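Down below is the structure, laid out as structure tokens.
Bear in mind that the values here come from a model prediction, so they are computed numbers and not experimental data. Letters A, B, ... mirror the listed sequences (proteins, then strands); counts begin at 1.
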2 protein chains.
Amino acid sequence: MGEQPLVALLGPVRAGNAFEETVERLLQVIKLGVVAPGGKLPPERELAVQLGISRVTLREAIRALQEAGYLDVRRGRYGGAFVVYEPPLPGRGDLREVVRRMGPGELDDALTFRMAIECGAAQVLATTGLTEGRREVLRRRLADVNDAAPADYRRLDTAFHLAIAELTGSALLASAAADARLRVTDLLNAIPVLGPNIDHAAAQHAAMVAAILDGDPEAARRAVVEHLEGTAALLRAFLA
Amino acid sequence: MGEQPLVALLGPVRAGNAFEETVERLLQVIKLGVVAPGGKLPPERELAVQLGISRVTLREAIRALQEAGYLDVRRGRYGGAFVVYEPPLPGRGDLREVVRRMGPGELDDALTFRMAIECGAAQVLATTGLTEGRREVLRRRLADVNDAAPADYRRLDTAFHLAIAELTGSALLASAAADARLRVTDLLNAIPVLGPNIDHAAAQHAAMVAAILDGDPEAARRAVVEHLEGTAALLRAFLA
DNA sequence: TTCCAAAAGTCTGGAAACAGACCATTGGCG
DNA sequence: CGCCAATGGTCTGTTTCCAGACTTTTGGAA
């Protein structure tokens, strides 16, 4: 015996009530830029089905976000819920405050999780034979980040990282990667996007893509580790 | 803006109703051997709190499992819900049937996910400086698997694999690893535990532990890949 | 033998979530 | 200008889920 109860399995079956979970999810969609500022969420009826909740509950969540200033809801044909949120231009936003709001150990947990997921995803992808179409997607995402305007940088960086997991074809892995990214979004949004950091990141991104396209999992691992440790170090620097 | 909707984020907020999810979770606890055969689940009131559901809902789930023959429920002091399930002695259980019940692509999804998670976890652990206590836990779990009676083999194998993720100290990663394992439990339970396979697995397990204790992430990666690909090949062989 | 504590079992009223029908608003198109 | 389709807004009855009080069973301890 001697099994300690494996908290993972005996933990909560559901994170909260449907309303709260929905608010959280929509907030993630907005903050990660899955729907870019100015963009529109799918129609209520459709979105409710996708999220597996009733329209009533979805509307409550949308209203909360509207009142909080994240969405602009317009009726009539061509109406909908439009994203008005602009990520706080990095450089402002108190990083320490964000960290303080996280539980103790939660920061390390998130960084470790992200490291494991992204390493794993990159390696799997490097091991997989990629079709030319998929190679192109990867190159494209990389180019998008490199060409990004400062205001779009985080969003496109997110898209790049998630693309790696998505291209493995594993929905579970894509979902885990999105989760991992979410755990650090607020942190990343709170540190400035500086020229030298972007240059480093670009080189590391390029190394990741090269290793993946090259089918070299070991190089992919090294590139991911270097990149993520760079980010972690940056965070620590801003916290020190 | 040409974003395709990132299914991960726009997917269902909750998997089903509370009852179904609870049944599923308890079944996992039983099948993974988190509570060993003969063992007792926590008291209803306590368990309901841990699972974040009401006692009524929990009781419905327990009753369903009782009627399905997984649990024996006894009242009175020293009563409780006792696990009576014995993993179907491998060799029986129709693997094809299990696979058929999974959705299309779900098998590959699960195997890919598991590969990524376990590779990531092993590497992270190999990169981390481990305390002697933690090293000991790892060695211990390895020894447990090697000494396992056939009936206990899967359970202890599970414990070994999960220990790697847990030792990273990341609850998120431990949870993801448990999830990944769950996705393949039914499959593994449906294939026989054969001597030669156990020997291979033992050698691979040992290689994983050695690489981790050695602080060699690259060797850890190779060992994990070899081990998991061996399992995947075994599955394919039984499906062919 | 009696009592007690810990556990499962039962009941009730209320809140949350849902499904589905229906209403109101809006902008383009004929 | 008037219609129409797409969308958000509202209402109603039903089901699920919950919190909490109460009941019954059981085995050990006094």
| remark: Between OH of A:Y78 and C1' of D:dA5 the distance, given in whole Å, is 8 Å

| B:E60 has an atom CD; how far is it from atom P of C:dG9, in whole Å? | 13 Å

| In whole angstrom, what separates B:E44's CD from D:dA19's P? | 15 Å

| field | Given A:L71, A:T57, A:V23, A:T22, the one that forms side-chain contact (heavy atoms from CB on, under 4.5 Å) with A:I62 | value | A:L71

| Is a side-chain donor or acceptor of B:R154 paired with a backbone partner of B:L188 at a separation under 3.5 angstrom? | yes

| Looking at C:dA7, D:dT7, D:dT10, which one has an atom nearest to any side-chain atom of A:R59? | D:dT10

| 5' priority, DNA chain C, between B:K40 and A:I53 [closest heavy atom] | B:K40

| Distance, rounded to the nearest Å, where B:L47 contributes CG and D:dC18 contributes P | 13 Å

| query | Looking only at N and O atoms, is any donor in the side chain of B:R63 or the base of C:dA8 less than 3.5 Å from an acceptor on the other one? | reply | no

| query | What is the ring orientation for B:F160 with B:H205, classed by angle as parallel under 30°, tilted 30 to 60°, or perpendicular over 60°? | reply | tilted

| query | Residues in side-chain contact (heavy atoms from CB on, under 4.5 Å) with A:R140, at least two apart? | reply | A:D144

| When the nearest nucleotide of DNA chain C is assigned to A:R45 and to A:F19 on a heavy-atom basis, which residue is associated with the more 5' position? | A:F19

| task | Look at A:R14 together with B:E21 and state whether they make a salt bridge at an N to O cut-off of under 4.0 Å. | result | yes

| said: Taking the axis from the first five pairs and the axis from the last five, what angle separates them in the helix from C:dT1-D:dA30 to C:dG30-D:dC1, rounded to 10 degrees? | reply: 0°

| said: What I want to find out is whether A:E166 reaches A:R134 closely enough, with some N-O distance under 4.0 Å, to be called a salt bridge. | reply: no

| Rounded to the Å, how far apart are B:R55 CZ and D:dC18 P? | 13 Å

| request: Answer yes or no: are there more than 12 heavy-atom neighbours, outside A:R63 itself, under 6.0 Å from its atom CZ? | output: no

| query | What are the two closest heavy atoms between A:A202 and A:N146, and how far apart are they? | reply | CB-OD1, 3.5 Å

| message | Whole angstroms only, please: what is the CZ-C1' distance between B:R14 and C:dA16? | response | 10 Å

| request: May I have the distance from B:I62 (atom CD1) to C:dT10 (atom P), rounded to whole angstrom? | output: 13 Å

| task | Rounded to the nearest 0.5 Å, what's the gap from CG on A:L125 to OG on A:S170? Could you check? | result | 11.5 Å

| said: As a test of understanding, state which of B:D186, B:N189, B:T158 forms a side chain to side chain donor-acceptor pair (under 3.5 Å) with B:K31. | reply: B:D186

| request: Could you tell me whether the side chain of A:R77 has a donor or acceptor atom within less than 3.5 Å of a complementary atom in the base of D:dG8? | output: no

| query | Closer to the 5' end of DNA chain D via nearest nucleotide, is it B:V56 or A:A81? | reply | A:A81

| Phosphate OP1/OP2 of C:dC18 contacted by A:T57 side-chain N/O (<4.0 Å) | yes

| field | Residues within residues 64-76 of chain A bordering DNA chain D, heavy-atom distance below 4.0 Å | value | A:V73, A:R74, A:R75, A:G76

| field | Rounded distance (Å) that lies between atom C1' of C:dA17 and atom CG of A:N17 | value | 10 Å

